[in-house]
Amino acid sequence: MYREQGGYAQLERAFKELTPKDVADICMGSNLRGRGGAGFPTGRKWSFLPNNGHPRYLVCNCDEAEPGTFKDHMLLEQTPHAIIEGILIGAYAVGCHHAFIYIRGEFKAGFAIFRAAVEAARAAGYVGKNLFGTGFDLELTVHRGAGAYICGEETGLLNSLEGKRGEPRLKPPFPAVKGLYGEPTVVNNVETLAYLPHILRNGAEWFAKVGPERSPGYKVVSISGHVKNPGNYEVPLGTTIRQLIWDCAGGLRDGRTLLGVQPGGGSSACLFEEHLDLPYDFESISKAGSMLGSGAMVVFDDTTNFVKAAHALIRFYAHESCGQCTPCREGGNWLEKTLVRILEGRGLHSDVDMLVSASHQLTGLNLCPLGDSIEPFLASVVKRFEAQFRAYIREPKAAPVAV
Amino acid sequence: MAHGPAATALAAADWDPYIAREGNFFDALFRRLRPECDALIAQYEESRSALLPMAHLFQEHEGYLSQNAIVAIAFLLGLTPAVVESTVSFYTLFFRKPVGKYMLSVCRNLSCIINGAEEIMTYFRDSLGIGHLETTADGVFSYEEAECLAACDQAPCMQVNLEFVYKLTKPDIDAMLAAMRAGTYAVAPLVQTAPPERTWKVAQDTGRKSAGGRGVTDPNNAGGIGDKSGVIMLDRLMADPAFAARSRERVLHEKNLGPTNGDAGH
């Protein structure tokens, strides 16, 4: 079925007509940026691999667990062959003979679907030894995680793939130099790799011309929250947030007004009405003080209780902290405890002030971005909707002290 | 292929972790799964990578990851059981004690919370009479509140034995629980080889990957310097008739606030 629609044709073309360097150049020329969250240019990531004769590995990251993101889940279950083709093209481009895909443990059905698809691809001669008679061997191993958000961080993922606790490693050395089994490794997101066949078919120009110059191409945006038609929408980057909410997702529920939008998954700061006409691309969103991340948009209307929303996210980060770095391990837990206290009516006015000040003590002090992800949403909504937080506090406001 | 040293040196017949046990369930299971384990190990350049896949395999057949399975994995990979245990304890999908036939994991993250997950969770707790990370006395249901399950467009959502259930409503839940009790539910129940206890948490385990925030033992300073909320909370507890005859220390201990709530194992 996938083959009838032109699937695997680009893989065959890559192997027969293009050199690995050609494929890498096309990817570099398309300026495809990583779709997993960090937005790092894929072609440049590949170019960091040292030429030291060591075996190289390509790992496809399908450990999707960012709150609000559900694109990889859909791709995995509905277009497994596009992912396989992307992995194989990527592996050819970087000269890797053993590629891995790390699938989130909760995607049990997706794992079974994907494994069956790999077997079908193997039977069709796309995976295995001496592909297309070129002498290029390529093995693809499907690996299933077991419930840990932190394994979506690339070095945490590699540790988990090596059968260890999924604790992120100190960087540098980056995975491109010392990754899986200590060898040069590339870790790419599912969506990034799934774009490769399309880029090869239509050329680097086609992709690079779409959307803004510095973050070109298409992107799957997962829209959820208080909209009429939540779901995954593939749009050119640079589409405005307003278009995404009203044209794609059908707008807010009737009679409601918008209070905020979280533009890039649980780790991003909340944006508000005044940001609605921002183009949805990596640069514009980060200029507005948030980030595009994995492309997960959560929309909040005026029924939202931001104390509960913030608590749900903080609880998540406290739960998922691997515990290596003190600011993240302790900070997340204390922020959660403080929010519980506020929600239970035991909070103090100083707690609300602390929520803002504590957040400055978390960012940039951790091995991996999880610790940095705890505060942005909380800080942005406390600043904007302070009244909602104060409303929970029963302690009388202290009388001003005469000086 | 770099197999663990033990895996190549010993044959299946040698499986004898501590004592020979005639007719033991796990020994028979191990012999049956041995070829599959070897195939998993052969997939990777380094044998230890097969740790998670093997743990999934044993859990699938035993319903939980028994101490036997941990020792067996250690044996196959040439590791110590402590190393295997420390690894699997990092991952929430491995149950180190028996669980119910249906593992109900309700999403409690952002998109579900703003779409009514709280009501759904309360309804589950009330219908089942149990809380987070607990199993009903009849051993049929285990309930947990899980983090984002990546189905935010279908909020509120949950997983039953890792199969998705979307757009939950209270009538759906009633029908689901009735079908599970009657044994007619569409998702196959988990294997149950041992009766579950009230919880599948291991003692002292918070169910978290780390034990953050539990090292601070002084409730007077719970939220940082100058924070008096711990004292306020304790005073309120002491005033509660339920705690009337108890000392302050005892109350602290029972409410998990005191230094006796040790952090062993972390």
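The sequence lines fix the lettering, A, B, ..., with proteins before strands; numbering per chain opens at 1. Just so it is clear, the values below take in all heavy atoms, side chains as well, and ignore hydrogens, waters and symmetry mates.
Between the B:Tyr44 side chain and the A:Thr141 main chain, no donor and acceptor come within less than 3.5 Å of each other. Using modelled atom types, no side-chain atom of A:Glu64 and backbone atom of B:Ala150 make a donor-acceptor pair closer than 3.5 Å. At least one donor-acceptor pair under 3.5 Å links the side chain of B:Ser49 to the backbone N or O of A:Leu161.
Taken from CZ in B:Arg48 to OH in A:Tyr181, the straight-line distance is 11.5 Å, to the nearest 0.5 Å. Atom CZ of A:Arg315 is separated from atom CD of B:Glu147 by 6.0 Å, given to the nearest 0.5 angstrom. The structure places CG of B:Leu93 at 10.5 Å from NZ of A:Lys108, a figure rounded to the nearest 0.5 Å. Between atom OG1 of residue B:Thr92 and atom CD of residue A:Glu106 there is a gap of 6.0 Å, rounded to the nearest 0.5 Å.
B:Ala155 pairs by the side chain to side chain contact (heavy atoms under 4.5 Å, CB included) definition with B:Cys112, B:Asn115, not counting sequence neighbours. By the side chain to side chain donor-acceptor pair (under 3.5 Å) test, A:Lys228 is found to be paired with A:Asp254, residues two or more places apart in sequence or in another chain being considered.
When all heavy atoms of A:Gly166 and B:Phe90 are compared, the closest pair comes out as N-CE2, 3.2 Å. Nearest heavy-atom pair, B:Ile114 versus A:Val299, reported as atom, atom and distance to 0.1 Å: CD1-O, 3.8 Å. Here the closest non-hydrogen pair linking B:Leu110 and A:Ala309 is CD1-CB, 3.6 Å.
The aromatic rings of B:Phe164 and A:Phe107 sit tilted, their planes meeting at an angle between 30° and 60°.
Heavy-atom distances place the side chain of A:Cys151, and not its backbone, under 4.5 Å from chain B. Contacts of A:Ser350 with chain B are absent, with no heavy-atom separation under 4.5 Å from either backbone or side chain. With a threshold of 4.5 angstrom between heavy atoms, A:Glu66 approaches chain B through N, CA, C or O but not through any side-chain atom. When heavy atoms are compared at a cutoff of 4.5 Å, A:His98 approaches chain B solely by way of its side chain, counted from C-beta outward. Contacts of A:Thr303 with chain B are absent, with no heavy-atom separation under 4.5 Å from either backbone or side chain. Neither the backbone nor the side chain of A:Ser222 comes within contact range of chain B, judged by heavy atoms closer than 4.5 Å. With a 4.5 angstrom heavy-atom cutoff, B:Ser86 touches chain A via backbone and side-chain atoms both.
Judged as a salt bridge (charged side-chain N to carboxylate O under 4.0 Å, His left out), the pairs with a partner in residues 71-87 of chain B (not counting sequence neighbours) are, in order, B:Glu85-B:Arg96.
Counting heavy-atom pairs closer than 4.5 Å to chain A, the top residue among B:Gln154, B:Glu118, B:Glu163 is B:Glu118. Chain A forms more heavy-atom pairs under 4.5 Å with one residue of B:Val84, B:Leu149, B:Ile113 than with any other, namely B:Leu149.
At a heavy-atom separation below 4.5 angstrom, chain A is approached by B:Leu51, B:Leu52, B:Pro53, B:His56 within residues 50-60 of chain B.
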